Amino acid sequence: GVLLNDRGGIKIGSNVVIGSFARILSHSYEQSSNGQDAKLQPTIIGDGARIGSPEIIMGGTNIAANEVIGRYPAYKV
């Protein structure tokens, strides 16, 4: 149930975990005189990053390697 809306480019590294219902975008909208114009912005997710459920990653975001974003569940092993 993950949405990858790739209009401006999405790069996903190796061993990345993306939680259920996460939304990853590569664009944003700007108000303009004729309505809203899409601004294309590449999104980069580094190796080993973890994105929780149901996070929204906006266009232009750069997530570092092994970074944890959002409510990814923690557990004791």
Side-chain angles (χ1 to χ4, degrees):
V2 172
L3 170 68
L4 301 175
N5 193 330
D6 184 14
R7 296 175 69 184
I10 297 173
K11 180 181 178 185
I12 300 175
S14 61
N15 299 315
V16 171
V17 175
I18 300 175
S20 301
F21 307 107
R23 289 161 280 176
I24 300 172
L25 312 173
S26 61
H27 68 283
S28 62
Y29 288 100
E30 293 182 345
Q31 201 67 7
S32 65
S33 60
N34 60 353
Q36 289 187 338
D37 292 327
K39 181 177 179 184
L40 304 182
Q41 301 170 294
T43 299
I44 301 170
I45 302 171
D47 295 340
R50 289 173 165 74
I51 299 171
S53 304
E55 297 305 314
I56 300 172
I57 307 300
M58 300 302 293
T61 301
N62 187 354
I63 299 173
N66 302 308
E67 188 172 0
V68 177
I69 301 296
R71 299 173 291 249
Y72 189 81
Y75 59 91
K76 187 174 182 178
V77 179

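Keep in mind that this is a model prediction, so the values were computed, not measured.
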Inset, instruction - Treating Ile, Leu, Val, Met, Phe, Trp and Tyr as nodes and any side-chain heavy-atom pair under 4.5 angstrom as an edge, say whether Ile12 and Ile57 lie in one connected cluster. - result: yes

Legend entry - Nearest-0.5 Å distance, CD1 of residue Ile45 to CD1 of residue Ile18: 5.0 Å

Legend entry - Distance-minimising heavy-atom pair for Ser53 and Ser20: OG-N, 2.9 Å

Legend entry - Other ILVMFWY residues reachable from Phe21 by side-chain steps of under 4.5 Å: none

Inset, instruction - Keeping the roles fixed (side chain from Asn66, backbone from Ala49), state whether a donor-acceptor pair exists under 3.5 Å. - result: no

Inset, instruction - Would you give the length of the straight line joining atom CD1 of Ile10 to atom CD1 of Ile24, rounded to the nearest 0.5 angstrom? - result: 6.0 Å

Legend entry - Asn5 CG to His27 NE2 distance, which is reported to the nearest 0.5 Å: 4.5 Å

Legend entry - With sequence neighbours excluded, residues passing side chain to side chain donor-acceptor pair (under 3.5 Å) with Arg7: Tyr29

Inset, instruction - Could you list who else is in Leu40's hydrophobic cluster, with ILVMFWY side chains joined at under 4.5 Å, directly or through other members? - result: none

Legend entry - Distance in Å, Arg50 CZ paired with Ile69 CD1, rounded so as to fall on 0.5 Å steps: 12.5 Å

Legend entry - Leu3 CG to Ile56 CD1 distance, which is reported to the nearest 0.5 Å: 9.5 Å

Inset, instruction - Drop me the distance from Thr61's OG1 to Ile51's CD1, to the nearest 0.5 angstrom. - result: 9.0 Å

Inset, instruction - Please tell me if the side chains of Thr43 and Lys11 come closer than 4.5 Å, counting only heavy atoms from C-beta onward. - result: no

Inset, instruction - Would you please test Ile44 and Asn62 for side chain to side chain contact (heavy atoms under 4.5 Å, CB included) and show each step? - result: CA-CA 5 Å; Ile44 301 170; Asn62 187 354; 3.8 Å; yes

Inset, instruction - Verify the distance criterion only: is there a donor paired with an acceptor across the side chains of Ser26 and Gln41 at less than 3.5 Å? - result: no

Inset, instruction - Check whether Val2 and Leu25 end up in the same hydrophobic cluster, where Ile, Leu, Val, Met, Phe, Trp and Tyr are linked by side-chain heavy atoms less than 4.5 Å apart. - result: no

Legend entry - Pair listing, ring-ring contact (aromatic ring centres under 6.0 Å, His included) test, anchored in residues 40-66, at least two apart: none

Legend entry - By side chain to side chain donor-acceptor pair (under 3.5 Å) - contacts of Glu67 (at least two apart): none

Legend entry - Those residues that, when tested against Lys39, pass salt bridge (charged side-chain N to carboxylate O under 4.0 Å, His left out) (two or more places apart): Glu30

